[in-house]
Amino acid sequence: MVHAVVGAQFGDEGKGKMVDYFAVKADMVIRYQGGSNAGHTIVNEHGKFALHLVPSGIFNPSTLCVLGAGVVVNPGRLVKELETLRAANISTDGLVISERAHIVLPLHIWQDQYEEHMRSRKVGTTLQGVGPTYQDKAGRFGMQMGELLDVERFRERLQNAYHTKLQRIPGLAQFAGSFDEMWEELMTAREVLAPHITDTVPLVQEAVRTGRDVLLEGQLGIMRDVDWGVYPYVTSSNPIAGGISAGAGIPPTALTRITGITKAYTTAVGEGPFPTGLDDEVGAYLQEKGQEFGATTGRTRLCGWLDIPTLRYGAWINGYTELALMKLDVLSGLSEVKLATAYELDGQTYDLPRLAHEMERVEPTYETLPGWQEDLSGCRHFDDLPAAAQAFVRRVEALAGVPIRYISVGPDRQQTMVMEA
Ligand code: GDP
């Protein structure tokens, strides 16, 4: 079965926990887009890990972990991640990197810093070089991981890229390091990564054809999708399920299960519109109780009520076959809880997201439900939840139009309820 786990909001929904949960029985876990600009936090019997590039299946020794062609790889950062895992006695032999994946060069990181510095309207990039790498890929200037295997040719190509980029972007020089510095860094990483770089097509094809359990791990969420998110406050790739075919090399017809991951509330980090964001004591309560700080950047996430138009939108575009509702425990202790059911803008009602400049002005319409005080972290079955929490779950499900299959009440694998199908 080919099963995708995708973010139903702005990212940080808790995909890492669910991928780790599903990966236990997966034969293969594939990342299909993005780079080290976002991270999953995984808590399991080995400890607590912030993974940025390595698929979460790495903890299971029999799972093959694939970085697909749609991923952009910062070699130095990937090596650091592998070292952290090895230091915790986790084998990293099961990692394979598509020879087609593009390389995030130090040049791209310098360019990211320069471009964000020059923008009057910041897009809130994490300065990881991901955007510029995708720009070069689309512009056909990019370099692929497979090119690292032929050192002589690679050096020539890199020299060319270095000089061309500095010529094309005159202001870049003040942010740029030297060619030798870049070369050293890449060659050091190459030593570790070369054995992992391969043609992933036969591996993925074999797994899909023989009906193995293949898990696709999305990064970020639909609202950060370059085509369907709040452009320009988006990432440079397609985290939506539609990105899987292109980024992992899997035919769209092979995808049979799509789990949308959503928190019981909403969070967003960086710039851009966030209609249900709360700049009040409830927002602060959610942030504190939900520990809403970025895994990659440590940036504080703004919090607010669950946004149903976004869930509905994702249900259509991603085709969720089920939802996982995360962090329900964080809503405990509030006298009432709210759900944004639609947006109002200039006298019009919208039940799906709009363009970013309109999203900045929309007023959410809220439905208010009774809150609950009980600590949910020990609940293991739906019936263990207080009646108000059960009613909240049922209402989200009805409004989103997708069954909630999993409810999460804590970071641990055990703190996950499975609903009857
Ligand atoms: P991802 O990028 O979507 O994987 O999300 P992050 O890893 O950035 O954020 C999820 C955070 O919430 C992590 O620290 C998880 O350990 C934690 N977490 C996941 N599920 C739950 C839950 O149900 N309750 C609580 N309290 N924390 C959770």
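The first residue in the sequence is number 1, and the count goes up from there. Note that these values count all heavy atoms, side chains included, but never hydrogens, waters or copies made by symmetry. As the structure lists them, so they are numbered: ligands from 1, and atoms in each ligand from 1.
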List every atom of ligand 1 that sits less than 4.0 Å from any heavy atom of [X], numbering the atoms from 1 in the order shown and giving each element.
{"X": "Glu13", "answer": "3 (O), 5 (O)"}
{"X": "Gly16", "answer": "1 (P), 4 (O)"}
{"X": "Ser408", "answer": "20 (N), 21 (C), 22 (C), 23 (O)"}
{"X": "Gly14", "answer": "1 (P), 3 (O), 4 (O), 5 (O), 10 (C)"}

Quiz question: by atom type and distance under 3.5 Å, do the side chains of [X] and [Y] form a donor-acceptor pair?
{"X": "Ser332", "Y": "Trp372", "value": "yes"}
{"X": "Tyr265", "Y": "Gln287", "value": "no"}
{"X": "Thr267", "Y": "Lys263", "value": "yes"}

Margin query: If the threshold is 4.0 Å, N to carboxylate O, is there a salt bridge linking Lys327 and Glu13?
Written below: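 Not counted as a salt bridge, because no side-chain N and carboxylate O are separated by less than 4.0 Å.
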Check: Between Glu116 and Arg119, is the closest basic N to carboxylate O distance under 4.0 Å?
Finding: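 Glu116 and Arg119: salt-bridged.
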Check: Is it true that Gly7 lies under 4.0 Å from ligand 1, counting heavy atoms only?
Finding: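 Checking ligand 1 against Gly7, which is what was asked, there is no heavy-atom contact under 4.0 Å.
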Next item on the list: Answer yes or no for Arg301: is there a heavy-atom contact with ligand 1 below 4.0 Å?
Entry: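 The answer is yes, since Arg301 has a heavy atom less than 4.0 Å from ligand 1.
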Check: Can you tell me how far CD of Glu81 sits from CZ of Arg77, rounded to the nearest 0.5 angstrom?
Finding: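 If I round to the nearest 0.5 Å, the distance is 7.5 Å.
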Check: Hey, does Leu328 come in under 3.5 Å of ligand 1, counting only N/O atoms on both sides?
Finding: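 There is no such contact.
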Next item on the list: Please confirm whether Gly11 comes within less than 3.5 Å of ligand 1 when only nitrogen or oxygen atoms on both sides are compared.
Entry: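 Between Gly11 and ligand 1 (N or O atoms, distance only) the closest approach is not under 3.5 Å.
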Margin query: For a quick test of reading the model, state the closest non-hydrogen atom pair linking Pro309 to Ala340 and the distance between them.
Written below: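 Scanning both residues completely, I find the closest heavy atoms to be CD-O, 3.2 Å.
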Notebook entry, point to check: Under 4.0 Å from ligand 1, counting heavy atoms only, is it the side chain of Val409, its backbone, both or neither?
Noted result: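 For Val409, the contact with ligand 1 is made by the backbone alone.
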Notebook entry, point to check: Considering only heavy atoms, does Asp329 approach ligand 1 within less than 4.0 Å through its side chain, its backbone, both, or neither?
Noted result: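 Only the side chain of Asp329 comes within reach of ligand 1.
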Notebook entry, point to check: Below 4.5 Å, heavy atoms only, C-beta onward: do Asp20 and Lys17 meet side chain to side chain?
Noted result: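 Asp20 does not reach Lys17 side chain to side chain.
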Notebook entry, point to check: Looking only at non-hydrogen atoms, which of Lys15, Met326, Lys17 approaches atom 3 (O) of ligand 1 most closely?
Noted result: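 Among Lys15, Met326, Lys17, the closest heavy atom to atom 3 (O) of ligand 1 belongs to Lys15.
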